[in-house]
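Accompanying notes for the structure given below.
Just so it is clear, the model here is predicted, and its values are computed rather than measured. When reading the values below, keep in mind they use all heavy atoms of this one structure, side chains included, and skip hydrogens, waters and symmetry mates. We number each residue from 1, following the sequence as shown.
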Amino acid sequence: GNQNGVSLVYRCMTEKTSLVPFGDVSKRIFLIRNQRVMIDSDLAMLYGVTTFNLNKAVKRNIGRFPPDFMFQLTPDEYRSLRFQIGILERGRHSKYLPRVFTEQGVAMLSSALRSERAVRVNIAIMRAFVRLRQMVSMNAELAAKLAELERKTEKHDESIRGLFQAIRKLMAPPAPPRPPIGFKPDS
């Protein structure tokens, strides 16, 4: 099963047919409140609409976006995100705190935006979320295997050290004979 997962991720990551390259999407997915999310302005750019129009479409369809699909950042979260990204500057973005969309919220956006491009971009974004999960899963699996190997090596290290000590004793030249202690009469 692991080989198929690796080839699937590689194949998806190298596909040139995607409207939005995997790298472009994956670097726009952030971890906020322990959820992978995308910022409204990044999504608007990918969809080819203004952030204002994207948010207007969301407001028209607000029932489709419960808090686990979309939420607005707090001032602290926004500052932290600006620091993380390093490119969001004051005055360059709107005066409103950005909305962020979870994977499910992004899926809902295609129905709110209703354009052919929105559908194609959504498919690319969904694939990026899936690939990200697969890579995280593969990294976790690799880390677990490495830890298991490390534990096994530690157990064997003691045995190997004991074996080397025994070999060294066997390789050491015999100790020179000691002169006898005590009185020895001449014969």
Is the side chain of [X] donor-acceptor paired with the backbone N or O of [Y] at a distance under 3.5 Å, no angle test?
X: E77; Y: T74; value: yes
X: R117; Y: L46; value: yes
X: T102; Y: D68; value: yes
X: N53; Y: V49; value: no

Are any of the side-chain heavy atoms of [X] and [Y] separated by less than 4.5 Å?
X: L43; Y: I125; result: yes
X: I29; Y: V37; result: no
X: Q104; Y: F65; result: no
X: N55; Y: Y96; result: no
X: Q35; Y: E103; result: no

Identified side-chain contact (heavy atoms from CB on, under 4.5 Å) partner of Y78 from the options L97, I39, V100, I32 | L97
Could you walk me through whether M70 and V106 pass the side chain to side chain contact (heavy atoms under 4.5 Å, CB included) test, one step at a time?
-> CA-CA 9 Å; M70 175 204 69; V106 171; over 6 Å; no
Testing the basics here: between [X] and [Y], what is the closest heavy-atom pair and its distance to 0.1 Å?
X: P66; Y: G63; value: CD-O, 4.4 Å
X: A112; Y: A57; value: O-CB, 3.9 Å
X: R64; Y: M108; value: O-CG, 3.4 Å

Decide whether a cation-pi geometry holds between R127 and F129; the criteria are a distance under 6.0 Å from NZ or CZ to the six-membered ring centre and an angle within 45° of the ring axis.
-> no
Residues L109, V58; criterion side chain to side chain contact (heavy atoms under 4.5 Å, CB included); working and verdict = CA-CA 7 Å; L109 275 174; V58 168; 3.7 Å; yes
I62 and L113: same hydrophobic cluster, using ILVMFWY side-chain contacts below 4.5 Å?
->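 Shared cluster, yes.
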From CA spacing to verdict: side chain to side chain contact (heavy atoms under 4.5 Å, CB included), V136, R36 = CA-CA 12 Å; V136 166; R36 286 191 178 82; 3.3 Å; yes
Give the C-alpha distance, both sets of side-chain angles, the deciding distance and a yes or no for side chain to side chain contact (heavy atoms under 4.5 Å, CB included) between R33 and F71.
-> CA-CA 10 Å; R33 298 182 195 174; F71 54 90; 3.2 Å; yes
So salt bridge (Lys or Arg N to Asp or Glu O under 4.0 Å) across residues 38-53, not counting sequence neighbours, yields R28-D42
